[in-house]
Amino acid sequence: MPPYGTEPESNGRHRDLIVAGVILVVAFSTLFLSRTTQQVISTAMQVTVLRPFIEVQRRLESARVRAARVDSMVARIDSLSALLTSHSALVDENRTLRDLLELSERATPEYVPATVLRPGTPGSESMFIVDVGRQDGVRNGSPVVGPFGLLGVIREVRQRDAVGMDWSHPDFRASAMLEDGSAYGLVARRAGAFREKDRLLINGIPFNLHVDAGLMVVTSGLGVLPRGIPIGRVEDEAETDPEWRKSYWLTPVVRLGAATHVLVLTERASPEVSDLWATDSVR
């Protein structure tokens, strides 16, 4: 005797055969009925026996249409996002080129325009290549500047191109002074938790001198770099050492990721370049 609530497998197959036979008999018998009677039977089956199946089919079709619309909408959003991204990059590049053009108009022919290329290899994150070289008057130590100030310096010169390091390089150093000439110091890079957190620090400021935030720090002209190139703005005080000197954090005037078009100051450039950034520094 089968368990309670179940039935023998043979009884189940027998019942299915009976149902299938009834359906076939009904379907075959409708062939001899009039068209009107057939229509009445078809309508009755649609609203009774076939109604659940028709509803399921309708929902499946509706879901398929909605899925197609979602896919189409996602594709449109992706296309729009790509367009906006490229448009934003183009706007930034155009703005940089306009600013650089304004700087070039105030500069002399000793400042040659160049394009910055990043090697993209591990360990070279702070290095770049410019498409000007010895034939253009570039030398080791030549400063590389953007519309608002110093990006870095040239380290290796070849005939048609040169390799430089930006201000985030561990070896970067620049003799600097406060824009008003009240104090001199040395600017160097301090590593952050990751590269985007790298900062600039000017040390050697006299202990009894108060430096206001926002004051521009420029090259002093005491080293290989000419006098007057903006480096960064004073952010806040960093530390005081036992020798009665202060250090201040700087906000760099050049964003590394945005530096794609630059000027390279050649060996014929003037040792005093502060007039080039008189307008840009204020802005």
Side-chain angles (χ1 to χ4, degrees), residues 99 103 106-107 110-111 116 126-128 139-155 164-192 195 197-256 258-259 262-267 269-283:
D99 293 334
L103 182 64
R106 297 196 297 271
E110 287 77 21
Y111 300 80
V116 173
S126 299
M127 307 296 293
F128 59 85
R139 59 178 174 81
N140 286 336
S142 291
V144 181
V145 301
F148 302 108
L150 185 66
L151 168 64
V153 296
I154 298 298
R155 297 192 65 179
M165 65 176 180
D166 58 42
W167 58 257
S168 69
H169 195 281
D171 295 336
F172 175 81
R173 301 289 188 276
S175 178
M177 67 179 187
L178 301 181
E179 191 176 31
D180 58 8
S182 59
Y184 289 75
L186 185 68
V187 172
R189 165 256 196 185
R190 289 290 181 89
R195 188 168 185 268
K197 289 293 185 179
D198 289 351
R199 305 174 73 182
L200 287 176
L201 185 77
I202 181 171
N203 50 46
I205 304 299
F207 178 80
N208 59 352
L209 179 65
H210 174 72
V211 181
D212 294 328
L215 186 63
M216 182 66 72
V217 174
V218 300
T219 54
S220 65
L222 298 179
V224 296
L225 300 177
R227 179 187 179 99
I229 303 176
I231 301 175
R233 292 187 181 275
V234 174
E235 186 175 333
D236 53 29
E237 187 172 335
E239 57 190 26
T240 302
D241 64 26
E243 297 180 357
W244 301 90
R245 295 178 182 272
K246 293 181 179 178
S247 299
Y248 287 88
W249 294 114
L250 302 181
T251 301
V253 294
V254 175
R255 292 185 297 117
L256 299 179
V262 295
L263 293 179
V264 181
L265 280 63
T266 66
E267 56 188 357
S270 169
E272 170 65 51
V273 298
S274 55
D275 291 341
L276 289 178
W277 282 276
T279 302
D280 296 297
S281 297
V282 174
R283 181 170 59 180

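Computation of the quantities below employed the complete heavy-atom set of this structure, encompassing side-chain atoms and omitting hydrogens, waters and symmetry-equivalent molecules.
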Working note: M165 + V153, criterion side-chain contact (heavy atoms from CB on, under 4.5 Å); need CA distance, chi angles, decisive distance, verdict. CA-CA 6 Å; M165 65 176 180; V153 296; 3.8 Å; yes
For L178 and L209, run side-chain contact (heavy atoms from CB on, under 4.5 Å): C-alpha distance rounded to whole Å, both residues' side-chain angles, the deciding distance at 0.1 Å, then the answer. CA-CA 11 Å; L178 301 181; L209 179 65; 4.1 Å; yes
Between V253 and M216, does the side-chain contact (heavy atoms from CB on, under 4.5 Å) criterion hold? Intermediate values first, please. CA-CA 9 Å; V253 294; M216 182 66 72; 3.9 Å; yes
Derivation and outcome, side-chain contact (heavy atoms from CB on, under 4.5 Å), residues I229 and V145: CA-CA 8 Å; I229 303 176; V145 301; 3.8 Å; yes
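Shortest non-hydrogen contact noted between A176 and I231 is CB-CD1, 3.9 Å. In plain terms, the two heavy atoms of P143 and L225 that are nearest each other are CB-CD2, 3.6 Å. In terms of heavy atoms, N203 sits closest to S247 at CB-OG, 3.1 Å. Residues G141 and V224 come closest through the heavy atom pair O-CG2, 4.1 Å. Taking every heavy atom of both residues into account, L150 and F172 meet most closely at CD2-CZ, 3.8 Å. Taking every heavy atom of both residues into account, L201 and A238 meet most closely at CD1-CB, 3.4 Å.
With values rounded to the nearest 0.5 angstrom, E237 atom CD is found 9.0 Å from H210 atom NE2. The line from CE of M177 to CZ of R227 is 3.5 Å long, rounded to the nearest 0.5 Å. For the atom pair CD1 of I202 and CD of E235, the computed distance is 14.0 Å after rounding to the nearest 0.5 Å.
In this structure the side chain of L215 never reaches within 4.5 angstrom of the side chain of Y248, judged on heavy atoms. When side chains are defined from C-beta on, V116 counts as touching L151, because their heavy atoms get closer than 4.5 Å. A 4.5 Å side-chain heavy-atom check between T266 and R139 finds every atom pair outside the cut-off. The closest side-chain heavy-atom distance from F128 to V262 is not below 4.5 Å. When side chains are defined from C-beta on, D212 does not count as touching V234, because their heavy atoms never get closer than 4.5 Å. Side-chain contact between V187 and W167 is absent, with no heavy-atom pair separated by less than 4.5 Å.
The backbone N or O of P226 lies less than 3.5 Å from a partner atom in the side chain of T219, making a donor-acceptor pair. When atom types are taken as modelled, the side chain of S126 and the backbone of D166 share no donor-acceptor pair closer than 3.5 angstrom. No donor-acceptor pair under 3.5 Å is formed between the side chain of K246 and the backbone N or O of P206.
Of the options R255, R190, R189, a salt bridge (Lys or Arg N to Asp or Glu O under 4.0 Å) to D198 is made by R189 and by none of the others.
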